[in-house]
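Below is one structure; the comments refer to it alone.
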Amino acid sequence: MSDQKKNNALEQSLKELSGKQRAQAAAEQKTARKWKIYGIATIVVVALIAALLFWDSGVIQRSATAVTVGENKYSAAEVDYYYYSIYDNMYAYASYYGLDTNKSLKEQEFTEGTTWYQYICDNAKSSLTNVATLAQEAKAAGYEMSDESKAKVEDEIQKTKDSAKENGVSYSYYLKRMFGRLMTPSIYQKVLNEYEYAYAFEDDKTTSFEVSDADIQSYYNENKDTIDTYDFVCYRVNALPEDTDADGNDITPTKDDYTKAAKAAQETADQLKAALTAGDTAKAEQLADEADTVTNLSMLSSSSFSNYVFGDWMTDPARKAGDTTVQEETTQVALTEGAEADTEVVSNYFVTLFNNRALDEYYAGNMHTILVKATNSDDTTNYGSALAKAEELKQKFEANGATEEAFLALTEEEDSEAEENADSSVEAENTDDITTTAHFYENTNKGILSDALEDWMFDNRKPGDVGIVEDTQANGYQLVYFVGYDDEYSWYKAARSSIQSDLYGDWMDEVSKNYEAKETSFFSYVG
């Protein structure tokens with residue numbers, strides 16, 4: 001039957017109905033239309049809810065491109081790795097930065113016109129751009145990821161899984177807590193792979209730049225003030241008054257307070273200078289120990305001299321042995337509470353004696369150690385027990401062949417035992433229990449180790465030398481195994497490294513021009 005015939009038949013049927021029957025039919029038709037509309041609306045709502053749930057799951061956001069760098073595309077989840085890594089590093093110092101971790105980062109100003117959220121996003125994008133640039137350059141150069149780099153990635157993943165287990169949560173949940181709700185195990189591994197691949201390439205690229213002996217000599221001539229080693233004595237005397245009262249309450253010192261404190265500090269500085277000028281360093285040390293305002297800075301390296309007022313004086317070519325000086329450092333302070341810092345006062349006096357400077361031509365060392373702590377779980381110090389334990393370990397090492405492999409086996413055994421003790425909730429039942437910590441000092445320069453370890457390492461050692469060193473700075477005894485010295489002078493190696501770093505920086509600046517980071521609308525889901 002055609003549509004027109006259907007309509008005609010329907011009209012004829014309606015005409016044959018009584019008024020009451022037509023009204024009832026109209027009502028039934030209206031109800032049918034109503035339920036049809038409700039049915040359509042229900043389908044639409046269900047579809048919307050499903051769409052919202054799908055959107056909220058993050059499936060789209062973690063796959064959609066949030067930023068492109070060169071030819072590489074990155075989702076918000078991948079950017080989140082850098083975002084939350086930066087935030088995590090800042091979290092411990094939040095109060096120092098003036099960051100309130102209980103408030104939205106988008107509501108807190110970092111600088112005028114920039115929120116903390118934008119600041120972290122910008123840094124995350126910068127970090128990602130650097131990695132993406134290196135990764136693409138590495139690929140173009142045919143660089144292959146080494147087995148060592150692959151092992152590093154797997155180790156990092158395992159550490160993360162172990163942390164999740166220790167916290168009693170699943171690996172997937174832990175990743176979301178650490179790197180945002182969009183992070184998944186597969187994305188995490190992808191990010192780590194690219195990160196390790198990029199920076200392994202960076203290391204190889206940096207060391208690939210050739211540096212001649214003439215380049216290194218030229219570098220030394222231009223930087224000898226920060227390369228040379230200095231024999232000197234320096235004391236810093238604090239010249240500022242107390243800013244808290246006897247009860248620990250903050251107070252605002254007056255101008256008279258600053259004047260008195262500076263005068264007292266200058267008198268101490270003059271006494272120290274007199275002792276040093278007379279060559280009586282023991283007297284100077286005694287004065288420094290007796291004054292709670294004095295700090296000994298004699299262990300500073302030449303690379304840090306520029307941070308102090310005596311830096312130019314110390315590096316002056318005209319310096320000769322026995323020269324002494326007192327120099328003051330000033331700062332701006334506010335004399336009334338709430339006022340701007342507008343008054344210049346003396347903050348420190350520096351008393352310095354110059355003995356000598358020279359190019360220290362020594363070789364960095366490599367050494368395994370096992371520290372046997374003299375302090376036990378009851379916080380009781382027992383050097384006798386620590387020495388006995390160190391001697392026991394040394395005997396075990398010698399019985400196993402007295403080789404580096406035997407020492408490494410011993411360190412692994414001690415590390416494993418230390419980990420078991422750390423995981424144990426059982427309190428020690430005696431005062432003789434002690435702890436050990438293994439460490440490998442690789443390419444170690446002077447000024448890094450404790451005095452006792454440094455004296456031992458740089459005392460014309462031979463590979464395979466073993467000893468027990470009393471290390472009061474580490475509060476115990478060190479069982480030490482000497483691996484050997486580097487084959488180049490420490491300063492020479494450092495100079496080459498600096499030159500190569502500069503050359504790498506020039507190369508990176510040039511290639512970075514080809515890798516501009518471009519955001520999409522999905523970048524807003526970062527963080």
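The analysis underlying the following values was restricted to heavy atoms, covering all of them including side chains, and did not include hydrogens, waters or symmetry mates. Position 1 is the first residue of the sequence, and the numbers go up from there.
There is a side-chain donor-acceptor pair under 3.5 Å between Glu154 and Gln189. For Ser75 and Glu78, the side-chain atoms include at least one donor-acceptor pair closer than 3.5 Å. Defined by atom type and a distance below 3.5 Å, a donor-acceptor pair is present between the side-chain atoms of Gln478 and Asp471. Side-chain atoms of Ser170 and Ser172 form no donor-acceptor pair, as typed in the model, at a separation below 3.5 Å. A donor-acceptor pair shorter than 3.5 Å cannot be found between the side chains of Asp228 and Tyr230. Side chains of Gln108 and Tyr119: a donor-acceptor N/O pair is absent below 3.5 angstrom, by distance only. Between Glu196 and Ser149, the side chains place a donor N or O and an acceptor N or O closer than 3.5 Å (distance only, hydrogens not considered). Under the 3.5 Å distance criterion, with hydrogens and angles disregarded, a donor-acceptor pair is assigned to the side chains of Tyr188 and Thr160. Asp80 and Tyr525 share no donor-acceptor pair across their side chains, judged by distance under 3.5 Å alone. Asn445 and Tyr363 share no side-chain donor-acceptor pair at under 3.5 Å. Side-chain contact, Ser85 with Asp88: no donor N or O sits under 3.5 Å from an acceptor N or O.
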Evaluate the criterion side-chain contact (heavy atoms from CB on, under 4.5 Å) for residue pair Glu329 and Tyr349; output intermediate values, then yes/no.
-> CA-CA 6 Å; Glu329 181 180 59; Tyr349 286 99; over 6 Å; no
Can Phe110 and Gln118 be said to form a side-chain contact (heavy atoms from CB on, under 4.5 Å), step by step?
-> CA-CA 9 Å; Phe110 172 69; Gln118 187 59 54; over 6 Å; no
Worked check of side-chain contact (heavy atoms from CB on, under 4.5 Å) between Val511 and Thr133 | CA-CA 8 Å; Val511 300; Thr133 299; 4.2 Å; yes
Would you check, one step at a time, whether the test side-chain contact (heavy atoms from CB on, under 4.5 Å) holds for Phe232 with Phe305?
-> CA-CA 12 Å; Phe232 70 104; Phe305 284 171; 3.8 Å; yes
Determine, stepwise, if the pair Thr206 / Asp203 fulfils side chain to side chain donor-acceptor pair (under 3.5 Å).
-> CA-CA 5 Å; Thr206 300; Asp203 289 341; 5.6 Å; no
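Atom OG1 of Thr68 and atom OH of Tyr74 lie 10.0 Å apart (nearest 0.5 Å). Between atom CG of residue Asp342 and atom CG of residue Leu335 there is a gap of 6.5 Å, rounded to the nearest 0.5 Å. Rounding to the nearest 0.5 angstrom, the gap separating the CD1 atom in Ile120 from the OH atom in Tyr83 is 5.0 Å. Separation of atoms CH2 (Trp116) and CG (Leu105) is listed at 8.5 Å; rounding is to 0.5 Å. One finds the CD atom of Glu510 at 9.5 Å from the CG atom of Asp506 (value rounded to the nearest 0.5 Å). The line from CD of Glu454 to CE of Met367 is 9.5 Å long, rounded to the nearest 0.5 Å.
Nearest heavy-atom pair across Ala198 and Ala135 is CB-N, 4.1 Å. Closest of all the heavy-atom pairs between Leu192 and Ile157 is CD1-CG1, 3.8 Å. Contact between Thr226 and Ser302 at its shortest, heavy atoms only, is O-OG, 2.8 Å. Summarising the geometry of Glu202 relative to Leu134, their closest heavy-atom pair is CB-CD1, 4.0 Å, with the distance given to 0.1 Å. Across Asn296 and Ser298, no two heavy atoms sit closer than the pair OD1-OG, 2.6 Å. In this structure, Thr369 and Phe407 approach most closely via the heavy-atom pair N-CE2, 4.1 Å.
Ring-plane geometry between Tyr143 and Tyr197 is classed as tilted, the angle between the planes lying from 30 to 60 degrees on a 0 to 90 degree scale. Ring geometry for Phe482 versus Trp456: interplanar angle over 60°, hence perpendicular rather than tilted (30 to 60°). Taking the six-membered ring where tryptophan is involved, the planes of Tyr481 and His368 are tilted, since the angle between them lies from 30° to 60°. Using cut-offs of 30° and 60° for the angle between ring planes, the Tyr82 and Tyr195 rings count as tilted.
Residues Asn348 and Val237 fail the side-chain proximity criterion, which asks for heavy atoms closer than 4.5 Å. Side-chain contact between Leu410 and Leu479 is present, with heavy atoms from C-beta onward closer than 4.5 Å. Counting heavy atoms from C-beta on, the side chains of Arg236 and Tyr308 come closer than 4.5 Å. Using a 4.5 Å heavy-atom threshold, the side chains of Tyr174 and Asn167 count as touching. Within the 4.5 Å cutoff, no side-chain heavy atoms of Val345 are placed close to those of Thr330. Between Met145 and Val153, some side-chain heavy-atom pair lies under the 4.5 Å cut-off. Put simply, the side chain of Lys518 reaches to within 4.5 Å of the side chain of Glu516, judged on heavy atoms. Between Asp451 and Gln473, some side-chain heavy-atom pair lies under the 4.5 Å cut-off.
In this structure, Ser512 contributes its side chain and Asp509 its backbone to no donor-acceptor pair below 3.5 Å. At distances below 3.5 Å, not a single donor-acceptor pair connects side-chain atoms of Thr65 with backbone N or O atoms of Val67. The backbone N or O of Asn382 lies less than 3.5 Å from no partner atom in the side chain of Ser385, so there is not a single donor-acceptor pair. Judged purely by atom type and a 3.5 angstrom limit, Glu328 has no side-chain atom pairing as donor or acceptor with the backbone of Val346.
Within 6.0 Å of CD in Glu242 there are 12 or fewer heavy atoms belonging to other residues, nucleotides or ligands. Lys190 NZ: 12 or fewer foreign heavy atoms inside a 6.0 Å radius. The number of heavy-atom neighbours closer than 6.0 Å to CD of Glu290, taken from other residues, nucleotides and ligands shown, is above 12. Within a 6.0 Å radius of CG in Asp231, more than 12 heavy atoms belonging to other residues, nucleotides or ligands are found. Within a 6.0 Å sphere centred on CZ of Phe440, other residues, nucleotides and ligands contribute more than 12 heavy atoms. Under a cut-off of 6.0 angstrom, the local environment of CD in Glu71 is sparse, with at most 12 non-hydrogen atoms contributed by other residues, nucleotides or ligands.
With Leu453 as reference, Val480 is the one residue of Val480, Ile448, Leu371, Thr444 to meet the side-chain contact (heavy atoms from CB on, under 4.5 Å) rule.
Ring pair Phe179/Tyr81: centre-to-centre distance below 6.0 Å.
Lys205 forms no cation-pi arrangement with Tyr504, by the criterion of a distance under 6.0 Å to the ring centre and an angle within 45° of the ring axis. Within the cation-pi definition used here (under 6.0 Å to the ring centroid, within 45° of the axis), Lys446 qualifies as a partner of Tyr362.
Classification of Glu488 and Arg496 as a salt-bridged pair holds, one side-chain N sitting under 4.0 Å from a carboxylate O. Under 4.0 Å is where a charged nitrogen must lie from a carboxylate oxygen, and between Lys125 and Glu519 at least one such pair does.
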